[in-house]
Asks: 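Here it is, the structure, as structure tokens.
Throughout, a chain's letter reflects where its sequence line sits, starting with A, and its residues are numbered from 1.
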Amino acid sequence: MALNSDEVRKIAHLARLAINDADIPEYARNLSNILGLVEQMSAINTQGVAPMAHPLDVSQRLREDQVSESNQREHFQQIAPQVEAGLYLVPKVIE
Amino acid sequence: MEWETVIGLEIHTQLATKTKIFSGAPTEYGAEPNTQACAVDLGLPGVLPVLNKEAVSMAAKFGLAIGAKVASRSVFARKNYFYPDLPKGYQISQYELPIVEKGSIEIELEDGSTKTIGVTRAHLEEDAGKSLHEDFHGMTGIDLNRAGTPLLEIVSEPDMRSAKEAVAYMKKMHSLVRYLGISDGNMQEGSFRCDANVSVRPKGQKEFGTRAELKNINSFRFVERAINFEVERQIDLIESGGKVMQETRLYDANKHETRSMRSKEEAMDYRYFPDPDLLPVEVHAEDIERIRKTLPELPDEKKHRFAKDYGLSTYDASVLTASREIADYYESVVKQTGDAKLSANWVMGDLSAMLNRDNKDIADSPVSADMLGGMLKRMQDNTISGKIAKEVFEAMWNGEGAADAIIDKKGLKQITDTSAIEAEIDKVIAENPGQVEQYKAGKDKLIGFFVGQVMKAMGGKANPGQLNELLKKKLS
């Protein structure tokens with residue numbers, strides 16, 4: 001399966017990546033190659049094989065429901081570009 | 001043409017854990033902005049999510065309560081979207097393998113019949129933070145305290161056929177999660193909210209019509225209004241030659257309308273994939289048995305037991321089991337009085353009326369179950385009449401103490417002394433010869449007038465049964 005340049009632009013937009021138009025053919029080729037590999041794997045008969053959600057054959061360890069984090073707001077907000085009244089300020093987003 | 005409405009609901013209920021689903025930050029409501037948002041919740045580089053055991057248990061508990069299969073293996077997935085209320089750039093949710101699959105609940109319809117509503121699935125996910133759009137010089141303020149709070153998303157089958165059924169379903173779920181103790185169900189604080197998928201089709205048609213998803217519904221009243229509005233909008237649209245578009249619509253309670261948020265073409269491309277940071281979650285058979293043992297008596301079981309053991313009507317039984325708190329209150333009153341009917345009448349009557357009037361929850365009732373039971377006992381032993389009881393109840397409500405103290409202090413003790421009642425009856429008869437004549441001429445209804453006069457003279461304290469009997473004797 002070969003990706004066209006529009007699809008590359010869409011993928012970049014979804015991932016919020018800025019890309020140069022000049023690089024698009026190169027990205028399209030690389031991504032298409034990856035899809036080609038996936039297609040190759042898809043050809044293998046996997047009937048009776050359970051889908052794998054994770055490469056490790058272990059299950060999730062669980063945490064007790066106990067508070068272990070204290071308030072570090074001042075510390076975290078030191079690296080924020082803008083804060084006010086304890087809130088992080090970001091460019092206006094409204095749906 | 002006759003139209004049929006088809007509704008499916010997605011309910012998001014916040015789980016009542018002490019900490020977030022993937023971090024050890026607290027989940028208390030109302031804290032100062034961002035004081036409960038740790039590095040994991042902020043999505044800082046290098047952090048890893050660690051799943052909260054209690055959230056898994058609560059989800060499993062819910063699954064058992066709706067007769068669903070609790071998956072022995074479920075998987076967390078990333079749902080990608082860019083919005084500052086979730087700084088990671090994705091929400092951790094469950095997609096292909098949710099923790100709860102296929103269950104159902106029963107709802108009661110207005111005509112007293114019941115209907116089974118299927119639950120397609122319920123899955124665990126994290127909540128997002130809050131965006132505040134006002135007063136920040138054109139910028140948006142972000143509070144991430146809620147980010148990472150565990151949610152159980154409960155997805156129903158499209159089994160509901162009216163807004164009323166949708167409300168009944170939502171109320172039933174609300175009652176259930178509170179019975180189970182897995183959520184406080186506080187709708188004002190957003191702990192229980194719902195999206196509705198609504199479509200219409202000509203009656204008799206098999207295929208579903210195109211649906212609109214209504215977002216942002218946070219009260220029982222709004223769910224009914226939003227759906228009714230949307231159904232009318234869709235029918236008008238189709239009947240005037242238009243077509244319903246698949247889209248997400250926002251319900252605006254102030255304007256009472258739904259408006260388009262985004263169309264199918266603009267629909268988000270979430271690109272779900274299994275979260276590599278989290279391993280598959282396993283719930284073993286012995287875990288399930290352990291959790292099953294913690295299940296309380298569920299609303300339906302309780303309702304049936306109330307109807308059977310206390311001889312209540314189905315309606316009374318369902319009102320008295322609407323929440324665990326009401327049910328416990330009622331049972332505690334019955335235990336003292338031994339009279340199921342009398343107790344039901346007071347809990348559903350005067351107590352409910354006062355709670356409604358003062359907008360109070362039964363848990364905050366100034367009259368405790370013990371106090372009400374104590375007062376009813378005074379009715380049963382004829383110390384006070386039913387009428388006086390209302391006065392005593394009001395005084396208890398206003399914080400004047402327990403029933404016995406109020407009866408004493410206000411001298412409300414019922415008069416059962418026959419000669420005292422007779423004396424008043426004689427006076428009333430003497431003062432109203434005209435009415436006596438009319439009564440004797442066959443105007444039976446006048447008995448009420450005499451009862452009223454004597455009661456008035458005795459401050460309402462005469463034993464009503466005795467008074468009636470004596471009056472009739474004297475007038476015959």
Side-chain angles (χ1 to χ4, degrees), chain A residues 1 3 6-19 31 34-35 38 41-42 46 49-95, chain B residues 17-20 22-26 31-42 44 50-57 73 75-77 80 82-85 87 89 96-97 129 131-133 135-144 250 261-262 269 271 274-276 278-282:
Chain A
M1 184 185 160
L3 289 174
D6 279 348
E7 285 163 329
V8 172
R9 274 196 200 92
K10 188 184 168 208
I11 293 165
H13 170 72
L14 285 171
R16 298 299 189 274
L17 292 174
I19 55 174
L31 291 169
I34 293 170
L35 291 178
V38 173
M41 292 191 282
S42 290
T46 55
V49 180
M52 184 178 72
H54 202 281
L56 301 179
D57 192 20
V58 282
S59 65
Q60 181 65 36
R61 282 184 57 182
L62 304 177
R63 172 178 58 81
E64 293 299 325
D65 184 27
Q66 272 153 16
V67 175
S68 59
E69 296 292 328
S70 52
N71 172 22
Q72 297 190 68
R73 184 174 77 181
E74 305 316 315
H75 184 55
F76 291 135
Q77 293 198 334
Q78 274 170 20
I79 53 166
Q82 221 177 326
V83 291
E84 190 178 311
L87 299 161
Y88 293 92
L89 293 193
V90 298
K92 187 141 198 151
V93 278
I94 195 156
E95 249 184 303
Chain B
T17 53
K18 293 194 214 48
T19 63
K20 304 271 173 89
F22 297 119
S23 83
E32 281 286 299
N34 292 307
T35 54
Q36 299 186 155
C38 71
V40 173
D41 310 324
L42 294 179
L44 291 180
V50 189
L51 184 57
N52 186 334
K53 191 177 183 174
E54 196 57 27
V56 174
S57 293
R73 187 168 171 277
V75 169
F76 281 98
N80 295 280
F82 276 89
Y83 210 68
D85 59 10
E96 282 170 320
L97 298 168
S131 306
L132 300 141
H133 300 291
D135 298 334
F136 298 105
H137 355 279
M139 298 192 71
T140 295
I142 305 288
D143 175 7
L144 293 168
L250 195 72
M261 237 168 96
R262 53 179 178 255
D269 188 347
R271 296 159 300 142
D275 191 327
L278 287 154
L279 293 157
V281 180
E282 282 181 2

Asks: B/His137 and A/Glu84: side chain to side chain contact (heavy atoms under 4.5 Å, CB included), yes or no, with the steps?
Replies: CA-CA 11 Å; B/His137 355 279; A/Glu84 190 178 311; 2.6 Å; yes

Asks: Under 4.5 Å heavy-atom distance to chain A, tell me which part of B/Ala39 shows up: side chain, backbone, both or neither.
Replies: both

Asks: Is the backbone N or O of B/Lys18 less than 3.5 Å from a side-chain atom of A/Asp65, with the two atoms forming a donor-acceptor pair by type?
Replies: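 Checking the backbone N and O of B/Lys18 against the side chain of A/Asp65, a donor-acceptor pair under 3.5 Å is found.
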
Asks: Kindly compute the distance separating OG1 (B/Thr140) from NZ (A/Lys92), expressed to the nearest 0.5 Å.
Replies: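 These two atoms lie 5.5 Å from each other.
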
Asks: Can you name the nearest heavy-atom pair linking B/Asp269 to A/Lys10, along with the distance?
Replies: OD2-NZ, 3.3 Å

Asks: For A/Arg61, is the CZ atom crowded, meaning more than 12 foreign heavy atoms sit under 6.0 Å from it?
Replies: no

Asks: Please flag which part of B/Glu32 lies under 4.5 Å from any non-hydrogen atom of chain A: side chain, backbone, both or neither.
Replies: both

Asks: At a heavy-atom distance under 4.5 Å, which candidate from B/Arg73, B/Glu96, B/Glu282, B/Lys20 has the highest pair count against chain A?
Replies: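 Of B/Arg73, B/Glu96, B/Glu282, B/Lys20, B/Glu282 has the most heavy-atom pairs under 4.5 Å with chain A.
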
Asks: Report, one line per pair, each donor and acceptor closer than 3.5 Å where one atom sits in a side chain of residues 66-83 of chain A; sequence neighbours left out.
Replies:
residue	atom	partner	partner atom	Å
A/Asn71	OD1	A/Arg73	N	2.9
A/Arg73	NH1	B/Pro33	O	2.6
A/Gln77	NE2	A/Gly86	O	3.0

Asks: Quick check: do A/Leu56 and B/Leu279 have side-chain heavy atoms less than 4.5 Å from each other?
Replies: yes

Asks: For B/Leu278, give me all partners under side-chain contact (heavy atoms from CB on, under 4.5 Å), at least two apart in sequence or on another chain.
Replies: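 Per chain and number, B/Leu278 pairs via side-chain contact (heavy atoms from CB on, under 4.5 Å) with A/Gln60, B/Phe22, B/Pro49, B/Phe76, B/Ile92, B/Asp275.
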
Asks: Among B/Pro87, B/Pro84, B/Ser131, which one satisfies side-chain contact (heavy atoms from CB on, under 4.5 Å) with A/Val90?
Replies: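 Per the side-chain contact (heavy atoms from CB on, under 4.5 Å) rule, the option paired with A/Val90 is B/Pro84, out of B/Pro87, B/Pro84, B/Ser131.
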
Asks: Tell me, side chain or backbone of B/Val40 under 4.5 Å from chain A's heavy atoms, or both, or neither?
Replies: neither

Asks: Of the backbone (N, CA, C, O) and the side chain (C-beta and beyond), which part of B/Pro26 lies under 4.5 Å from a heavy atom of chain A, both, or neither?
Replies: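 Contact with chain A: backbone and side chain both.
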
Asks: Please give me the minimum heavy-atom distance between B/Met139 and A/Pro91, naming the atom from each residue.
Replies: CE-N, 3.9 Å

Asks: If I measure from the heavy atoms of chain A, does B/Leu97 come under 4.5 Å with its side chain, its backbone, both, or neither?
Replies: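 Neither part, no heavy atoms under 4.5 Å.
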
Asks: Give me the atom names and distance for the closest heavy-atom approach of A/Leu87 to B/Asn34.
Replies: CA-ND2, 3.6 Å

Asks: Quick one: which of B/Leu44, B/Leu42, B/Asp143 has the most heavy-atom pairs under 4.5 Å with chain A, could you say?
Replies: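 The answer is B/Leu42.
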
Asks: If I measure from the heavy atoms of chain A, does B/Val75 come under 4.5 Å with its side chain, its backbone, both, or neither?
Replies: side chain

Asks: Under a 4.5 Å heavy-atom cut-off, does chain A meet the side chain of B/Ser23, its backbone, both or neither?
Replies: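 For B/Ser23, the contact with chain A is made by the backbone alone.
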
